[in-house]
Amino acid sequence: MNNLAVELPGLSLKNPIMPASGCFGFGREYSKFYDLNKLGAIMIKAATKEARFGNATPRVAETASGMLNAIGLQNPGVEKILAEEVPFLMQYATPVIANVAGSTIEEYEAVAEAISRSSNIAAIELNISCPNVKEGGVQFGTDPTLASEVTRRVKAKSNVPVYVKLSPNVTDIVEIAKAVEAAGADGLSMINTLTGMQIDLHKRKPVLANKIGGMSGPALKPIAIRMIYQVRQQVSIPIIGMGGITSAEDVLEFLLAGASAVAVGTANFQNPFICPEIIDALPGVLEKCGFSSVEDAIGKGHEHATADISGA
Amino acid sequence: MNNLAVELPGLSLKNPIMPASGCFGFGREYSKFYDLNKLGAIMIKAATKEARFGNATPRVAETASGMLNAIGLQNPGVEKILAEEVPFLMQYATPVIANVAGSTIEEYEAVAEAISRSSNIAAIELNISCPNVKEGGVQFGTDPTLASEVTRRVKAKSNVPVYVKLSPNVTDIVEIAKAVEAAGADGLSMINTLTGMQIDLHKRKPVLANKIGGMSGPALKPIAIRMIYQVRQQVSIPIIGMGGITSAEDVLEFLLAGASAVAVGTANFQNPFICPEIIDALPGVLEKCGFSSVEDAIGKGHEHATADISGA
Amino acid sequence: MITKSLLTIEQVNEIALDTFEMKLKATVSLDEVEPGQFIHIRIGNDNAHQLRRPISIADLDKPKQMMTIVFKVVGTGTETLAQANVGDKLDILLPCGTGYPIDKLEVQKALLIGGGIGVPPLYYLAKQLVQKGVEVIVILGFQSKEYVFYEEKFASLGVCHVVTNDGSYGSKGFVTNVIQEQSPTFDYYFSCGPTPMLRAVSQTLSDKKGYLSLEERMGCGVGTCFACVIPTPESSTSYKKVCQDGPVFEADEVIL
Amino acid sequence: MITKSLLTIEQVNEIALDTFEMKLKATVSLDEVEPGQFIHIRIGNDNAHQLRRPISIADLDKPKQMMTIVFKVVGTGTETLAQANVGDKLDILLPCGTGYPIDKLEVQKALLIGGGIGVPPLYYLAKQLVQKGVEVIVILGFQSKEYVFYEEKFASLGVCHVVTNDGSYGSKGFVTNVIQEQSPTFDYYFSCGPTPMLRAVSQTLSDKKGYLSLEERMGCGVGTCFACVIPTPESSTSYKKVCQDGPVFEADEVIL
Ligand SMILES: Cc1cc2nc3c(=O)[nH]c(=O)nc-3n(C[C@H](O)[C@H](O)[C@H](O)COP(=O)(O)OP(=O)(O)OC[C@H]3O[C@@H](n4cnc5c(N)ncnc54)[C@H](O)[C@@H]3O)c2cc1C
Ligand SMILES: Cc1cc2nc3c(=O)[nH]c(=O)nc-3n(C[C@H](O)[C@H](O)[C@H](O)COP(=O)(O)OP(=O)(O)OC[C@H]3O[C@@H](n4cnc5c(N)ncnc54)[C@H](O)[C@@H]3O)c2cc1C
Ligand SMILES: Cc1cc2nc3c(=O)[nH]c(=O)nc-3n(C[C@H](O)[C@H](O)[C@H](O)COP(=O)(O)O)c2cc1C
Ligand SMILES: Cc1cc2nc3c(=O)[nH]c(=O)nc-3n(C[C@H](O)[C@H](O)[C@H](O)COP(=O)(O)O)c2cc1C
Ligand code: FES
Ligand code: FES
């Protein structure tokens, strides 16, 4: 038996590790580093209705144990992605999760509809949390009413499960999570980046052309763990967790907090082999911490173990 | 002329560097490392009406380029602080800023009143953002109506300027900043910690006894810079900035974002000499970046320099 | 007075599983250092690690300005420390905390009880006691055989019992089992180890006078942040700080 | 194909103010590496630095598997790199990007124009061109005298003009001033330096064929993150990726 396997709506994962949207392109580049069959799933880069160029450069900056990005949803548009990018991934026995973005509810609906006409996509990750575009994106993720509305309408157009990707830039993440659960979301994906800024001391202006960007990487992990832990206590749909994962130990921490699977983003840039390395290390870490399987560990950080009096 | 001096409501600072509340106790310990006269000001540990023990331990955890704390406002109560702690600081020509906390508006008022009876406190830092107590604290900092109400009532009881300390755990920090400005705040102090969690893989429960704690340190800096930059554009009262400062370069980044002075918290734990070291390094950093003084740099990250075509 | 200084690593040895002994050369005087005190070590020199790590002083050679520490790799900080090379410098605060007040005690016979990484500070304590003419009996508890260290060193100073949780070395069980079986006589006991062990020890020896050295997660290590407080019996808000008032306390001074 | 490997540092020298030359020994073959390609270097081995740093290949000795890089300390990453010791290993991605396509070009005479830290990749390019029998003319621009490096190395390969912004060495001004004054004849120009310089160069030489090597902040360095895109003339959404399609582009292929 494979003790890494996880069953989620629409997703039979051989292991709980997938690259995060926007950090793996459409898989071609990293497929030269290793066999993508190894991955639990692949979350591809955000799709909008039409092609977008995205923001001006610089688009990234490094922060302490993290980075800022303001790519701005650059993509060739959903039809081109389905026609030219996704077929490449069909050679792998690895489910593809499409990240759906938009500026209006109608655009979200149109992208979801296009994806539903394809048979190559296993699930939708509904991105209501992109902090890097002027319109849409994050405002849908910070207002429970809008979040609920876009979820409901995208669900109606979709023939695959919809995981709603939440923004951490909110006062009360549980409120948003409950709203999208009530609106029919099949799962949650959390968290997207936290908005931040870096200022260039010599140029006397923000480093990023977009001024503000989304912070990702290990710096974000405590925030992600806290939010997943809180949401897990009040919502019952499964959570795909992400935010600063760089090791199998981090994966277990997300499982304990209540995630059923995880995505690895920024760490791919530091180490292109990070996903397979984590997958290889995970069984050992589970065993060392006394878990028989991934399923066994999910949510276990909510039960409280008692201390022992051993001498060491 | 001292090019580090800054004038703020109630505070004539010889330099813009002060230790942050909760990271410097009441000054006694660090006074053994260096002369506290060196500091621009001192923000002392939070005071409540009665003595509080705070949370159970463990109270701190390390995160990537940051830490979590859940001290829980442990303090001997405002009267004891005024009688037993503050007099020690009176030997120094360094203004003392008292951090005022509470669970109810009445408690905040009572603490502010007690402080106003003392002549040793130069300003109040109104802590409506402590994430580590069950009641009060952060809820006042996340709701603009409550934030405005507590500010207005504390202002009415105070005879020194009131700097309201904002929580970053909000969807829209500008809204809160505007509310407290309208309620009469003399300045802002931003930001407090971002709530996070860490889970112990072996014990299968959150590391902190309080489960959730506040994240501070360099990991927080991009968030602080972004929030100060945003607030600076819409609010005119001065800002004391903080969040992850570990160097004079960081200080300049906060000044450019719009802070008029800064506080250094977590970095004191890594290096007890961090405040004097930053103060000594600041003139050189200002000069290298073309600023004649601290006042000259404040808010300068909002004007956009043009690129040059130099060969390097 | 606590100062910040650099210690040069002169030697690193793995003396038991995951357990490293490090010999450090100081440039500042170590004359004022007392048994039971600790150093607060910065990890790395960038921002990755914000908190220092408290490690007890396991041995001192004051004339030579040499210090020994012994630590177990349990996380990223101690792992980084274990990978340091001879010649590297450690940024430390020293001496931290309040040690065992042996100069103020009337003691002929002492019982030393150490558990796991609580063993190291007892070694310098034992040496100091023996030098003062005190007879020492030592009980050391470890998880299992692979983790045992310093047995011979202690044995050269007095009677030394080793106990392992799984019985893979010495007797099987906890340090408290040895206390109960051996019922040693002594004036004072001195114990260091994880809190559950100290709790068991102080309950078992509730009719004796003793000192406990506590472990608590620390922020500043110098008394400012209130991370490391432990409640005391006086009132519901009374406390001591492990980093400053401790790590060594009289057994009845704190509530474990 | 890009691979991840470790390079061992065999030598580090400060060759100009804040400018370091590093000689690196590879364990993988460097035979496929082309002039203008870069390596993407991990900084440190903990989490403090999430992004690798792109540094051009300044010279290669393929039989000996030796590589030279030259970099200027401008921030925390290059500062950490400059503090590395001989014997340390660098975790790198190699070879990244697309270099100067000199094997596909008909060229007798080439003009090389480098600015600041854009100078290094031109050195290996110049060597390769000269080896192919191409005559090279070199113009190097630096901020000021203290930053000048590799002048003699280039001078041994062809005519080399140095210009500094402040005139403290060579002629005063920008590389474009030298182009205008000297009006050199050539078939192709090859330029590398900061974007404003490349823009000026390509405007000055708008009637000539040339290649530009661009600098852009990078995330992945391998084409997945879209951090490093540059617009191209075809449409309002058309682009190239500096890390993958570049860093070398034909001058009219991209919009600077
Ligand atoms: C006064 C005192 C003396 C000590 N002396 C020794 C000694 O001589 N040898 C030795 O091996 N260990 C000793 N310890 C325990 C040692 O400090 C921890 O094992 C060490 O800090 C773990 O760091 P880490 O980064 O490897 O673990 P991590 O778990 O990654 O550390 C994360 C954080 O938790 C803290 N932490 C984790 N475990 C402990 C613990 N048991 N006690 C206190 N803080 C902890 C760390 O300091 C750090 O802030 C002592 C602790 C104290 C309080
Ligand atoms: C293809 C390519 C080749 C390069 N070759 C060289 C070389 O041979 N020698 C050399 O000295 N420099 C070279 N650079 C520039 C070099 O990458 C930067 O100077 C370096 O990344 C700065 O890192 P830092 O941490 O010191 O600076 P920081 O400012 O602290 O870096 C912060 C972030 O900004 C990025 N960044 C900062 N400046 C630049 C820049 N000018 N270009 C791209 N990214 C930048 C860093 O990579 C990092 O992600 C090259 C850049 C590119 C794109
Ligand atoms: C360069 C970059 C691009 C990203 N693009 C997207 C995107 O298109 N859609 C999306 O939902 N999230 C995007 N994200 C967010 C990540 O998917 C992920 O939620 C976040 O980075 C936190 O995970 P990490 O810390 O492992 O990177 C992007 C992140 C980065 C760093
Ligand atoms: C251990 C600790 C205790 C703190 N206690 C208080 C407090 O009592 N009152 C308060 O307003 N802020 C408190 N803070 C928040 C700091 O004052 C500061 O806002 C925050 O830590 C960000 O700055 P830094 O990253 O430099 O630490 C505390 C922070 C830490 C780390
Ligand atoms: S560790 Fe800060 S008070 Fe003890
Ligand atoms: S740096 Fe990631 S696509 Fe170029």
Side-chain angles (χ1 to χ4, degrees), chain A residues 61 63-68 138 142-143 167-172 194-206 211-213 215 217-230 244 246 249 252-257 285 288-291 297 300-307, chain B residues 61 63-68 138 142-143 167-172 194-206 211-213 215 217-230 244 246 249 252-257 285 288-291 297 300-307:
Chain A
T63 64
S65 294
M67 65 175 282
L68 295 172
V138 76
T142 55
D143 175 335
S167 167
N169 300 292
V170 295
T171 309
D172 184 358
L194 206 48
T195 51
M197 180 186 281
Q198 190 174 73
I199 297 178
D200 187 308
L201 304 185
H202 295 281
K203 297 194 180 138
R204 303 183 181 186
K205 62 175 183 180
K211 295 185 186 172
I212 286 179
M215 188 178 86
L220 188 63
K221 197 182 71 169
I223 316 305
I225 294 289
R226 185 263 293 177
M227 290 186 164
I228 291 169
Y229 188 95
Q230 288 177 324
T246 67
E249 284 81 4
L252 179 54
E253 192 178 353
F254 275 81
L255 297 175
L256 295 180
V285 170
K288 209 176 90 186
C289 296
F291 295 101
K300 286 287 161 41
H302 294 256
E303 305 159 16
H304 286 208
T306 48
Chain B
T63 64
S65 294
M67 66 174 283
L68 295 172
V138 76
T142 55
D143 175 335
S167 168
N169 300 292
V170 295
T171 309
D172 184 357
L194 205 49
T195 51
M197 180 187 281
Q198 191 174 74
I199 297 179
D200 187 309
L201 305 185
H202 294 280
K203 297 194 181 139
R204 305 184 180 186
K205 62 175 183 179
K211 295 185 187 172
I212 286 177
M215 188 177 86
L220 188 63
K221 198 183 71 169
I223 316 304
I225 293 289
R226 186 262 294 177
M227 290 185 163
I228 290 169
Y229 188 95
Q230 289 177 323
T246 67
E249 285 80 4
L252 180 54
E253 192 178 353
F254 275 80
L255 297 175
L256 296 179
V285 169
K288 209 176 89 185
C289 297
F291 295 100
K300 285 289 162 40
H302 294 256
E303 304 159 15
H304 287 207
T306 49

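Heavy-atom basis, side chains included; hydrogens, waters and symmetry copies ignored.
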Please check: side-chain N/O of B/R204 versus main-chain N/O of A/C289, any donor-acceptor pairing under 3.5 Å?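 A pair under 3.5 Å: yes.
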Close side-chain approach of B/M215 to A/I223, heavy-atom, < 4.5 Å: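 They are in side-chain contact.
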Between B/D172, B/L201, B/D200, the one whose heavy-atom pairs under 4.5 Å with chain A are most numerous: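 It is B/L201.
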field: Leading residue by heavy atom contact count with chain A [cutoff under 4.5 Å; candidates B/A224, B/P218, B/A219]
entry: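 Option with the greatest count: B/A219.
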- Item | For the student: nearest non-hydrogen atoms of A/T171 and B/V170, plus distance |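 Closest pair (atom of A/T171, atom of B/V170, distance): OG1-CA, 3.2 Å.
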**Heavy-atom pair with the smallest gap, counting every atom of B/H202 and A/K288** =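 Residues B/H202 and A/K288, closest heavy atoms: CE1-O, 4.1 Å.
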Side chain, backbone, both or neither: which part of A/F291 has a heavy atom under 4.5 Å from chain B?
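Contact with chain B is through both the backbone and side chain of A/F291.
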Nearest 0.5 angstrom please: [X] [atom1] to [Y] [atom2], how far?
X: B/E253; Y: A/I199; atom1: CD; atom2: CD1; value: 5.5 Å
X: A/K205; Y: B/L256; atom1: NZ; atom2: CG; value: 13.0 Å
X: A/I225; Y: B/T63; atom1: CD1; atom2: OG1; value: 11.5 Å

Fill in: Listed partners of A/S65 passing side chain to side chain donor-acceptor pair (under 3.5 Å), at least two apart
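Here the qualifying residues are B/S65.
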Item checked: Partners meeting side chain to side chain contact (heavy atoms under 4.5 Å, CB included) with A/Q230 (sequence neighbours left out) ->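 With sequence neighbours excluded, A/Q230 shows a side chain to side chain contact (heavy atoms under 4.5 Å, CB included) to A/I173, A/V174, A/R226, B/I212, given in chain and number order.
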